[in-house]
S.K.: 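First the structure, which I've put down as structure tokens, then a few questions once you've had a look.
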Amino acid sequence: MWKNRAVQTLLIGAASTSVLIVVLIFLFLGKEAAPFALTPGLSALFDSKWIPVSFQRERFGILPLLSGSALVTLLAMLITIPFSVLGAIYIAELAKPLEREILKPFIEILASIPSVVLGFFGLVVLAPLVKSFFGLNTGLNALTGAILLSIMAIPTVISISEDALNSVPHVYKRASLALGASQLQTIFRVTVPAALPGIIAAVMLGVGRVIGETMAVMMVTGNAAIITANPLDPVRTMTATIAAEMGEVPFGSVHYQALFCIGVVLLLVTFGLNVIGQQVLRRYGMRQ
Amino acid sequence: MVDKKQALLLEDFDIEIVSRDLNFYYGDNQALFGISVGMPAKQVTALIGPSGCGKSTFLRTLNRMNDIIPGARVEGQVLISGKDIYQHGTDVVKLRRKVGMVFQKSNPFPKSIFENVAYGPRIHGTRDRQQLAAIVEKSLVRAGLWEEVKDRLNDNALGLSGGQQQRLCIARALAVDPQILLMDEPASALDPKSTARVEDLIGELRELYTIVIVTHNMQQAARVSDFTAFFYEGALVEFNATKLIFTNPKEKQTEDYITGRFG
């Protein structure tokens, strides 16, 4: 009997590790960020400037970073969603078997390119292109970052959307065709609506990937902590800020705590997105 | 139902569906061998035979639903109202509008009851809400489902019982106003009560539509059909008035099958 119990304990232990890790991350981030709430106080985060090192007055407003992340993410999704959904529809519904066998490996390769490599590509190829196309002083801006991020997100979103489309029962398609619907009518009126929860989940995952991505955006977005809605302005994201400054910040300083505050905000945003994604899946997923 | 004391004579009817020397292949496997038959208009024709005899394959050649199977190939002719549906340039969309189909397993879309029935008319261009509502009501009435669902047309169709779902699928097929209704074992997944309802429904619909029904249930064929075609190993063995097939089959194989010696 002790064997049974031992194995059970082992399994419970393994299963709860992830819970433990998440809790610990929250605790640790919170612990490092907490002193910031006392001095200078959380309101300092809502400043419009991020100037963490200064001879006059240090400012820790994360609004420019939030807006930077939001702008890059929004642009990236504007590119990613149409590309991936249409791509997934083509691969799942229209492509000939041969085309599918060529397309799928390439998409998988795209997904496996390390982000630093993509960042490098962005720096030497994409940024000059954006620069000359729009006649700018620099190609390092939100748009370049967004294009690069969508290159990273597209393979994931395509694969998961394609799975969702493939898992739509064939009987729906047959019923639609038997009613005299064309292939395109069947795809857009039956298959895509039925796969919508999966497609939304795929997009949510893509958003998660885009918000969390650090290396590539740091290399190509220009890293200017300004509040802007112009895609052609340089921006700085939350992740890039943490990555760029964490290595040089004095341990335990206000700046150090501010970086952890950014980490907490980032975690809350991704957590929120996850919850929304789950809700969407729960509400609409049952209808299949 | 018609009085079957007097056996029906094929010569007395307009023939609406004709197949001539129809061969069908799944890749290298030939599934149908030279099927030649003419099925009468506004009558119920049952296709019977043991599993794998080609009856469902034959049914699907009548609205070209086999087209979506990779590697499927057809030789010969199928004439519907005198036109060869395998002729080059045939509009499959128009064909399937004219030749509706009900599947073995009920397959309503994961949409509301209303949207399920309105789907066909919508894709064929009906936009007007009132017109759609009228079609939906008429179709549901014909399928004998209206009274049960009229107060919850906006509920999800997947919440209906199995028998109701199958009648909804029949209503959905009727909504595009077909001439011919193909039914592939429409009651085989239903309980006896729902089966009886669907069979009654077929009896009512035969006034308005030419119906071809595949069934593995010989009692069902005897109950609902006017004519019966017996398939065996991809060939048509015998086609005649149902009454004659069941009382006085000409072929030995038919007799053996309907008396239960094999199946």
Side-chain angles (χ1 to χ4, degrees), chain A residues 85 88-104 161-202 279-288, chain B residues 59-60 62-71 91-112 115-125 139 155-159 165-166 168-178 180-184 189:
Chain A
V85 174
I89 288 172
Y90 185 77
I91 294 173
E93 301 292 325
L94 298 170
K96 298 184 181 74
L98 182 70
E99 292 174 316
R100 196 169 305 157
E101 268 168 45
I102 295 170
L103 282 168
K104 288 203 72 169
S161 306
E162 193 212 332
D163 283 347
L165 288 166
N166 277 330
S167 64
V168 172
H170 275 281
V171 293
Y172 295 162
K173 293 176 205 170
R174 270 196 294 163
S176 174
L177 292 173
L179 286 166
S182 68
Q183 198 178 14
L184 283 182
Q185 283 173 325
T186 303
I187 289 171
F188 286 104
R189 296 192 189 216
V190 174
T191 314
V192 171
L196 203 56
I199 294 174
I200 291 172
Q279 289 296 324
V280 169
L281 271 183
R282 192 164 306 158
R283 181 167 309 164
Y284 299 105
M286 306 310 265
R287 294 173 66 172
Q288 296 199 35
Chain B
L59 188 78
R60 287 195 300 265
L62 303 182
N63 67 343
R64 294 188 56 171
M65 277 302 279
N66 285 325
D67 286 13
I68 59 177
I69 300 169
D91 184 350
V92 180
V93 166
K94 266 192 195 152
L95 167 71
R96 290 183 186 149
R97 206 180 155 174
K98 207 159 99 176
V99 187
M101 188 164 203
V102 176
F103 296 85
Q104 180 173 9
K105 200 169 161 290
S106 63
N107 53 359
F109 300 126
K111 301 174 187 268
S112 71
E115 286 302 323
N116 261 280
V117 184
Y119 180 83
R122 263 193 217 282
I123 58 171
H124 296 302
S139 308
D155 287 8
N156 195 313
L158 299 184
Q165 287 191 15
Q166 191 59 300
L168 178 68
C169 292
I170 294 173
R172 186 176 63 185
L174 298 183
V176 296
D177 201 20
I180 297 169
L181 204 53
L182 308 178
M183 301 178 129
D184 190 358

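Convention: sequence-line order gives letters A, B, ...; per-chain numbering from 1.
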S.K.: At a heavy-atom separation under 4.5 Å, does B:Val99 approach chain A through its side chain, its backbone, both, or neither?
M.R.: backbone
S.K.: Which residues pass the side-chain contact (heavy atoms from CB on, under 4.5 Å) test with A:Asn166, not counting sequence neighbours?
M.R.: A:Ala92, A:Glu162
S.K.: Looking at B:Met101, B:Arg97, B:His124, which one has more heavy-atom pairs under 4.5 Å with chain A than the rest?
M.R.: B:His124
S.K.: Can you say whether B:Arg64 sits under 4.5 Å from chain A via the side chain, the backbone, both, or neither, judging by heavy atoms?
M.R.: neither
S.K.: Would you say B:Lys98 has more than 12 foreign heavy atoms packed within less than 6.0 Å of its NZ?
M.R.: yes
S.K.: Just checking, A:Arg100 and A:Tyr90: is the charged tip under 6.0 Å from the six-membered ring centre and within 45° of the axis?
M.R.: no
S.K.: Report which part of B:Pro70 has an atom under 4.5 Å of a heavy atom belonging to chain A: side chain, backbone, both, or neither.
M.R.: neither
S.K.: Below 3.5 Å, can you tabulate the donor-acceptor pairs from side chains in residues 182-190 of chain A to any protein atom, sequence neighbours excluded?
M.R.:
unit_1   : atom_1 : unit_2   : atom_2 : d
A:Ser182 : OG     : A:Gln185 : N      : 3.2
A:Ser182 : OG     : A:Gln185 : OE1    : 3.4
A:Gln185 : OE1    : A:Ser182 : N      : 2.9
A:Gln185 : NE2    : B:Ile123 : O      : 3.0
A:Thr186 : OG1    : A:Ser176 : OG     : 3.0
A:Thr186 : OG1    : A:Ser182 : O      : 2.8

